[in-house]
Amino acid sequence: MNDLAPPAALTPASFKSAYKPIWCPGCGDFSVLSALTKALAKIAVPPEQIAVVSGIGCSSRIPAYTTCYGFHGVHGRALAAATGLKVARPDLTVIVTGGDGDGYSIGGNHFLHACRRNVDMTYIVMDNHVYGMTKGQPSPTTEPDWDSKLSPGGTGVRSFHPLVIALASGANFVARAFAGDPNGAADIIAQAIRHPGFAFIEVLSPCITFRPEQREWKQHAHPAPVGATDDPARAARRIMTDDGFNIGVLYAGSRRPYPAHVGKPGESPANLEAEFEL
Ligand SMILES: Cc1ncc(C[n+]2csc(CCOP(=O)(O)OP(=O)(O)O)c2C)c(N)n1
Ligand code: SF4
């Protein structure tokens with residue numbers, strides 16, 4: 001008789017590592033980690049079949065706090081690393097996590113092209129409209145009139161609109177979530193992982209240390225009044241004209257993920273390498 005125990009059912013705890021997060025008490029990223037582990041339990045893919053890739057920033061610490069394979073890379077390059085990983089190992093579920101500084105400043109160009117390429121992965125950005133890790137510099141999503149020690153009188157620079165830029169660049173799934181609702185965020189993350197192609201989730205995740213006023217987001221966040229559309233023009237109009245706090249899946253498209261030819265049964269990185277040998 002085989003005395004091997006059947007595999008244990010996956011729960012959120014199955015995806016939490018033994019490392020204790022070092023975020024400031026009350027940081028929104030705690031809830032995003034909780035939402036992510038709930039979502040992974042929902043999709044029921046074991047940790048060894050998942051890779052979590054990040055750049056640099058408070059939010060980019062997430063891979064270490066999971067039991068999945070992790071890659072904590074260099075600032076702004078998470079999507080490039082994740083794209084290579086997914087193309088070489090299409091069998092893995094690839095999730096990218098990071099902040100607005102990492103993803104929209106130094107990594108901004110990679111963001112555009114990751115949307116455009118539409119490789120099957122999920123990108124979760126914890127947007128707190130500030131560089132938390134380096135002590136409060138304005139980021140691309142900072143409001144132009146945010147007055148702080150490091151930006152007296154505000155930057156005066158127009159904010160970047162990640163959702164509409166993702167849509168215009170070709171992302172196949174676009175959603176907004178709120179860290180203050182980890183169950184709702186978990187549902188959205190699970191839907192994003194299941195959706196083929198590049199799925200982008202902008203999570204409003206307060207930095208209570210450098211943007212304590214973001215505690216008020218709890219009063220503003222509300223479910224989007226209508227469900228997701230598959231019409232990019234309609235989605236763009238809704239996203240451009242909403243109040244910035246519509247929570248839910250806003251666009252779900254049907255573009256074919258890249259690359260269609262790699263990852264067919266029998267295809268391997270060794271075969272690809274052979275093609276380039278002189
Ligand atoms: C090449 C490079 N430039 C700058 C930095 C400094 N740096 C580290 S994290 C960071 C910004 C992080 O902001 P964000 O991605 O919004 O993450 P948060 O800390 O707010 O979660 C910067 C500028 C770096 N590590 N590497
Ligand atoms: S500085 Fe801000 S983003 Fe970083 S851990 Fe603290 S509250 Fe979170």
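Counting convention: from 1, in listed order, for ligands and their atoms alike. Because the structure is a prediction, the values reported are computed rather than measured. For the single chain, residues carry numbers from 1 onward in sequence order.
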How far is atom 4 (Fe) of ligand 2 from its nearest protein heavy atom, and which residue and atom name does that atom have?
Cys58 SG, 2.4 Å
What protein heavy atom sits nearest atom 20 (O) of ligand 1, and how far away is it?
Gly132 N, 2.8 Å
Do me a favour and list the nearest non-hydrogen protein atom to atom 6 (Fe) of ligand 2 with residue, atom name and distance?
Cys24 SG, 2.3 Å
Around atom 15 (O) of ligand 1, find the nearest protein heavy atom and jot down its residue, atom name and distance.
Asp102 N, 2.7 Å
Residue, atom and distance of the protein heavy atom nearest atom 25 (N) of ligand 1 read Ile56 CG2, 3.8 Å
Nearest to atom 2 (Fe) of ligand 2, what protein heavy atom do you find, and at what distance?
Cys207 SG, 2.3 Å
Under-4.0 Å heavy-atom contact with ligand 1, by part of Ile106 that carries it:
side chain
Which protein heavy atom lies closest to atom 2 (C) of ligand 1, and at what distance to 0.1 Å?
His75 CD2, 3.7 Å
Proximity of Thr134 to ligand 1 by residue part, where a heavy atom lies under 4.0 Å
side chain
Using a heavy-atom cut-off of under 4.0 Å, does the side chain or the backbone of Met133 touch ligand 1, or both, or neither?
both
Nearest-contact summary for atom 8 (Fe) of ligand 2 - protein heavy atom, Å:
Cys27 SG, 2.4 Å
Specify the protein heavy atom at minimum distance from atom 14 (P) of ligand 1: its residue, its atom name, and the distance to 0.1 Å.
Gly101 N, 3.5 Å
To the nearest 0.1 Å, how far is atom 3 (S) of ligand 2 from its closest protein heavy atom, and which atom is that?
Asn128 ND2, 3.5 Å
Parallel, tilted or perpendicular, as decided by the 30° and 60° cut-offs, for the rings of Tyr123 and Phe198:
tilted
Between Phe111 and Tyr104, what is the ring plane arrangement, given parallel below 30°, perpendicular above 60°, and tilted in between?
tilted
What residue and atom, counting heavy atoms only, is the protein's closest point to atom 21 (O) of ligand 1, and at what distance?
Ser59 OG, 2.7 Å
